[in-house]
Trainee: 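Here it is: the structure, laid out below.
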Amino acid sequence: MAEQQISVAVLGGGSFGTALASIAADNGAKVRQWMRDERLVAQINQEHRNGRYLPDYEMNAAVEASTDIAAVLSDAELVLVAIPSSAFRSVVQAAKPYLSAEQILVSTTKGIEPDSFMLMSDVLSEETGFAHIGVIAGPNLASEIADKQLTATVIASADPLTRTRVQQALGCRYFRVYASNDRHGVELGGALKNIYAIAAGMAAALGMGENTRSMLMTRALAEMSRFAVAHGANPMTFLGLAGVGDLIVTCSSHLSRNYRVGFAMGEGRSLDQAIEALGQVAEGVNTVRLVCAKAAQMGVYMPMAEGLYHVLFDGVPAKEMARMLMMGEQSSDVEFVLPREAVQQAHRETGDWHAGNQ
């Protein structure tokens with residue numbers, strides 16, 4: 001007996017949503033893609049191309065685009081929500097009348113809602129109350145996926161059906177889909193790494209070497225996991241694709257919007273000038289503000305994020321931030337192996353060696 005064709009709805013007309021829509025169609029799914037832009041809808045349906053976000057990518061001709069959200073969601077078993085965090089909740093609210101509890105809802109958005117500090121999968125859960133909720137995150141530059149370069153991602157959900165259906169719908173010879181049950185850890189990894197991509201771009205513009213970049217990424221991983229564990233995530237998640245994997249690509253690639261904003265500021269531009277040159281807001285800029293406020297509230301030690309905040313919003317030069325970070329405390333390497341508090345206690349007990357040897 002032939003396997004029943006899965007029906008997939010993609011909400012959003014951006015680069016990642018477009019790439020995922022085409023992959024699902026390549027895999028034999030029935031795919032509809034919703035977006036507000038009527039001209040983009042017409043172009044996808046007639047030319048099988050998203051000229052705004054992936055102009056050189058030939059989409060699967062079976063993807064059907066529409067501005068009618070009810071029609072797109074009708075009979076969809078899997079709904080991928082690929083909407084920027086700033087508009088995510090409003091689109092979910094618009095979709096809600098046409099959703100049903102049997103559907104699988106998966107966020108592909110790496111961001112945090114400003115007022116509530118909620119992750120996008122939490123917004124899905126709060127707005128719908130559905131059981132089948134997940135998130136996709138990982139080192140996924142859409143332009144490389146469009147070129148069919150070997151890429152891997154993570155589907156994270158406590159629900160086995162959600163994990164399995166996403167693996168079936170999207171897994172193919174060049175797009176590998178790995179499973180996790182740590183939804184919040186995977187999602188926080190995707191959101192937090194944007195902060196450190198800005199710092200990596202600054203470091204590159206300032207001419208810092210490979211040792212510095214390696215240190216920056218590794219200490220970033222320590223901060224990310226420290227913050228996420230304080231929110232109930234599993235620290236082991238950060239050894240995977242959504243942690244170290246996504247961090248490496250975002251801190252190394254000129255294709256990353258966050259890296260490019262940091263690079264422009266490292267060259268001496270202001271934040272406004274950097275964003276203007278980019279032509280769109282990098283998600284990490286808003287994330288820095290939100291995460292620093294939350295870290296201060298929860299007492300989580302995040303010196304790199306705090307230093308970056310001062311550069312972005314207080315006018316501190318990028319060079320000065322780099323110098324301040326080098327003067328920070330030398331604490332534990334991996335604090336889930338050796339707690340930071342134990343290192344601090346040892347320092348207190350042995351006294352100030354430098355002072356005694358002047």
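Keep in mind the model is a prediction, meaning the values are calculated, not measured.
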Trainee: For the OG1 atom of T250 and the CD1 atom of I195, what is their distance to the nearest 0.5 Å?
Mentor: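 Reported value, rounded in 0.5 Å steps: 12.0 Å.
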Trainee: For E64 and Q33, indicate whether the former's side chain and the latter's backbone hold a donor-acceptor pair under 3.5 Å.
Mentor: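 Between the backbone of Q33 and the side chain of E64 there is no qualifying donor-acceptor contact (under 3.5 Å).
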Trainee: Compare all side-chain heavy atoms of N258 with those of F263 and state whether any distance is below 4.5 angstrom.
Mentor: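 Not in contact.
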Trainee: Group every Ile, Leu, Val, Met, Phe, Trp and Tyr by side-chain heavy-atom contacts under 4.5 Å, then state whether M118 and V135 land in the same group.
Mentor: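 M118 and V135: separate clusters.
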Trainee: Check for me, please, whether L161 and V8 land in the same ILVMFWY cluster - side-chain distances under 4.5 Å, paths through other members count.
Mentor: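 Linked, L161 and V8 end up in one cluster.
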Trainee: Quick check on side-chain contact (heavy atoms from CB on, under 4.5 Å): which of I83, I44, I69 does M35 satisfy it with?
Mentor: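 The passing option is I44.
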Trainee: For a 4.5 angstrom cut-off between non-hydrogen side-chain atoms, does V106 reach V79?
Mentor: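 No, their side chains stay 4.5 Å or more apart.
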Trainee: Search all heavy atoms of R163 against all heavy atoms of S157 and return the closest pair with its distance.
Mentor: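 Answer, listing the atom of R163 first, then S157: NH1-O, 2.7 Å.
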Trainee: Rounded to the nearest 0.5 Å, how far does OG of S107 lie from CG of D122?
Mentor: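 Taking CG in D122 and OG in S107, the distance rounds to 10.0 Å.
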Trainee: Salt bridge or not for R89 and E126, using N-O below 4.0 Å?
Mentor: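 Judged by the 4.0 Å cut-off on N to carboxylate O distance, R89 and E126 do form a salt bridge.
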Trainee: With a 4.5 Å heavy-atom cut-off, do M302 and M224 have their side chains touching?
Mentor: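 No, too far: nothing below the 4.5 Å cut-off.
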Trainee: Is M304 reachable from I198 through a run of I, L, V, M, F, W or Y residues, each pair having side-chain heavy atoms under 4.5 Å apart?
Mentor: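 Yes, I198 and M304 fall within the same hydrophobic cluster.
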Trainee: Strictly distance-based, threshold 3.5 Å: is any side-chain N or O of T212 a donor or acceptor partner for the main-chain N or O of M208?
Mentor: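 No.
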Trainee: Side chain of E187, backbone of S121: donor and acceptor closer than 3.5 Å?
Mentor: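 Between the backbone of S121 and the side chain of E187 there is a qualifying donor-acceptor contact (under 3.5 Å).
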Trainee: How close do A199 and L216 get, heavy atom to heavy atom, and via which atoms?
Mentor: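 Taking A199 first and L216 second, the nearest heavy atoms are O-CD1, 3.8 Å.
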Trainee: Any side-chain donor-acceptor pair under 3.5 Å between Y178 and Q167?
Mentor: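 There is no such pair between these side chains.
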Trainee: I'd like to know whether V261 forms a side chain to side chain contact (heavy atoms under 4.5 Å, CB included) with L271, so could you lay out the CA-CA distance, the side-chain angles of the two residues, the decisive distance to 0.1 Å, and finally the verdict.
Mentor: CA-CA 8 Å; V261 162; L271 176 59; 4.2 Å; yes
Trainee: Rounded at 0.5 Å granularity, tell me how far OG1 in T162 sits from CZ in R165.
Mentor: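 It comes to 10.0 Å.
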Trainee: Side-chain contact test, heavy atoms from C-beta onward, threshold under 4.5 Å: evaluate it for R173 versus D26 and give yes or no.
Mentor: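 Contact flag for R173/D26 side chains = no.
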Trainee: Using atom types as modelled and distance alone, determine if a side-chain donor or acceptor of W34 lies under 3.5 Å from a backbone N or O of T67.
Mentor: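 Yes; judged by distance alone, with no hydrogens or angles, the pair exists.
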Trainee: Tell me, with the steps shown, if I136 and L80 meet side chain to side chain contact (heavy atoms under 4.5 Å, CB included).
Mentor: CA-CA 9 Å; I136 288 173; L80 303 176; 4.3 Å; yes
Trainee: For N27 and A29, indicate whether the former's side chain and the latter's backbone hold a donor-acceptor pair under 3.5 Å.
Mentor: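 No, because the side chain of N27 does not come within donor-acceptor range (under 3.5 Å) of the backbone of A29.
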Trainee: Search all heavy atoms of F238 against all heavy atoms of L221 and return the closest pair with its distance.
Mentor: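 Here F238 and L221 meet closest at O-CD1, 3.7 Å.
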Trainee: Within the 4.5 Å heavy-atom criterion, are H132 and L105 side-chain neighbours or not?
Mentor: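 They are not in contact (no side-chain heavy atoms under 4.5 Å apart), so the answer is no.
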Trainee: Does E113 reach the side chain of F88, with side-chain heavy atoms less than 4.5 Å apart?
Mentor: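 Contact flag for E113/F88 side chains = no.
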Trainee: Could you check whether atom CE of M236 has more than 12 heavy atoms from other residues, nucleotides or ligands sitting under 6.0 Å from it?
Mentor: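 Incorrect, the count does not exceed 12.
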Trainee: Are the side chain of Q5 and the backbone of G28 linked by a donor-acceptor contact shorter than 3.5 Å?
Mentor: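 Yes; at least one donor-acceptor contact below 3.5 Å.
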Trainee: Any donor-acceptor pair under 3.5 Å linking the side-chain atoms of D75 with those of S7?
Mentor: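 S7 vs D75: no donor-acceptor pair found between side chains.
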Trainee: Any side-chain to backbone donor/acceptor pair from T109 onto P84? Under 3.5 Å, distance only.
Mentor: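 No, T109 side chain to P84 backbone: no donor-acceptor pair under 3.5 Å.
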Trainee: Taking atom CD of E58 as the centre, report whether more than 12 heavy atoms of other residues, nucleotides or ligands fall under 6.0 Å from it.
Mentor: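 Incorrect, the count does not exceed 12.
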Trainee: Less than 3.5 Å apart, any donor N or O on the side chain of T151 or E144 sitting next to an acceptor on the other?
Mentor: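 There is no such pair between these side chains.
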Trainee: Is atom CZ of R39 surrounded by more than 12 heavy atoms (other residues, nucleotides or ligands) closer than 6.0 Å?
Mentor: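 Not buried by this count: 12 neighbours or fewer within 6.0 Å.
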Trainee: Does the side chain of S22 come under 3.5 Å of the side chain of N60 through a donor N or O and an acceptor N or O?
Mentor: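 No, no side-chain donor-acceptor pair sits under 3.5 Å.
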Trainee: Return the set of residues passing side chain to side chain donor-acceptor pair (under 3.5 Å) with E102 (not counting sequence neighbours), or none when no residue passes.
Mentor: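 Once residues adjacent in sequence are excluded, the partners of E102 under the side chain to side chain donor-acceptor pair (under 3.5 Å) criterion are S100.
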Trainee: Tell me whether T128 contacts the main-chain N or O of L124 through its side chain, where contact means a donor paired with an acceptor under 3.5 Å.
Mentor: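 Confirmed, T128 side chain pairs with L124 backbone.
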Trainee: Would V311 and M265 count as a side chain to side chain contact (heavy atoms under 4.5 Å, CB included) if you check the C-alpha gap in whole Å, the side-chain angles of each, and the deciding distance to 0.1 Å?
Mentor: CA-CA 9 Å; V311 176; M265 293 188 70; 4.0 Å; yes
Trainee: For the side chain of E283 and the backbone of G111, is there at least one donor-acceptor N/O pair under 3.5 Å apart?
Mentor: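 Checking the backbone N and O of G111 against the side chain of E283, no donor-acceptor pair under 3.5 Å is found.
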Trainee: Find the distance between CD1 (I104) and CD1 (I133) and round it off to the nearest 0.5 Å.
Mentor: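 Interatomic distance, I104 CD1 to I133 CD1, rounded to 0.5 Å: 11.0 Å.
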Trainee: Using a cut-off of 6.0 Å, state whether more than 12 heavy atoms not belonging to Y98 lie near its atom OH.
Mentor: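 No, because the 6.0 Å sphere around OH of Y98 holds 12 heavy atoms or fewer from other groups.
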Trainee: Side chains of T287 and N194: do they bring a donor and an acceptor to under 3.5 Å?
Mentor: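 No donor-acceptor contact under 3.5 Å links the two side chains.
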Trainee: Identify whether V91 and L78 are in the same connected component of the hydrophobic contact network (ILVMFWY, side-chain heavy atoms under 4.5 Å).
Mentor: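 Per the 4.5 Å side-chain linkage, V91 and L78 are not co-clustered.
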Trainee: Would L54 and M59 satisfy side chain to side chain contact (heavy atoms under 4.5 Å, CB included), going step by step from the backbone distance to the final call?
Mentor: CA-CA 9 Å; L54 287 175; M59 295 174 64; over 6 Å; no
Trainee: Can you name the closest pair of heavy atoms from N140 and A152 and give their distance?
Mentor: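 N140 and A152 have their closest heavy atoms at ND2-O, 2.8 Å.
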Trainee: Does the side chain of K319 reach to within under 4.5 Å of the side chain of L206, using non-hydrogen atoms?
Mentor: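 Yes, at least one pair of side-chain atoms sits under 4.5 Å.
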Trainee: Are V31 and I155 connected in the hydrophobic side-chain network, where two residues link if heavy atoms are under 4.5 Å apart?
Mentor: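 Linked, V31 and I155 end up in one cluster.
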Trainee: Does any N or O in the side chain of K96 come within less than 3.5 Å of the main-chain N or O of E127, such that one atom is a donor and the other an acceptor?
Mentor: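 Yes; at least one donor-acceptor contact below 3.5 Å.
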Trainee: Measure the CD-CD distance between Q168 and E77 for me, rounded to the nearest 0.5 Å.
Mentor: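 Atom-to-atom, Q168:CD and E77:CD are 8.5 Å apart.
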Trainee: Testing the basics here: between L247 and Y196, what is the closest heavy-atom pair and its distance to 0.1 Å?
Mentor: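 Between these two residues, the closest heavy atoms are CD1-CB, 4.0 Å.
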Trainee: Would one find more than 12 heavy atoms of other residues, nucleotides or ligands at under 6.0 Å from atom CG of D314?
Mentor: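 Yes - once you tally the heavy atoms of other residues, nucleotides and ligands closer than 6.0 Å, there are more than 12.
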Trainee: Centre of Y301's six-membered ring, under 6.0 Å away, within 45 degrees of the axis: is that where NZ or CZ of R226 sits?
Mentor: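 So R226 doesn't make the cation-pi contact.
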Trainee: Quick one, V41 and R36 - any side-chain contact, counting heavy atoms below 4.5 Å?
Mentor: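 No - every pair of side-chain heavy atoms lies 4.5 Å or more apart.
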Trainee: I'd like to know if R49 and D56 make a salt bridge, using a cut-off of under 4.0 Å between side-chain N and carboxylate O.
Mentor: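 Salt bridge: no.
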Trainee: Tell me the closest heavy-atom pair linking I112 and M120, and the distance in Å.
Mentor: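 That would be C-CE, 3.8 Å.
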Trainee: For the residue pair Q345 and E341, confirm or rule out a side-chain donor-acceptor distance under 3.5 Å.
Mentor: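 Side-chain D/A pair, Q345 to E341: absent.
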Trainee: Drop me the distance from L188's CG to F227's CZ, to the nearest 0.5 angstrom.
Mentor: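 The CG atom of L188 sits 6.5 Å away from the CZ atom of F227.
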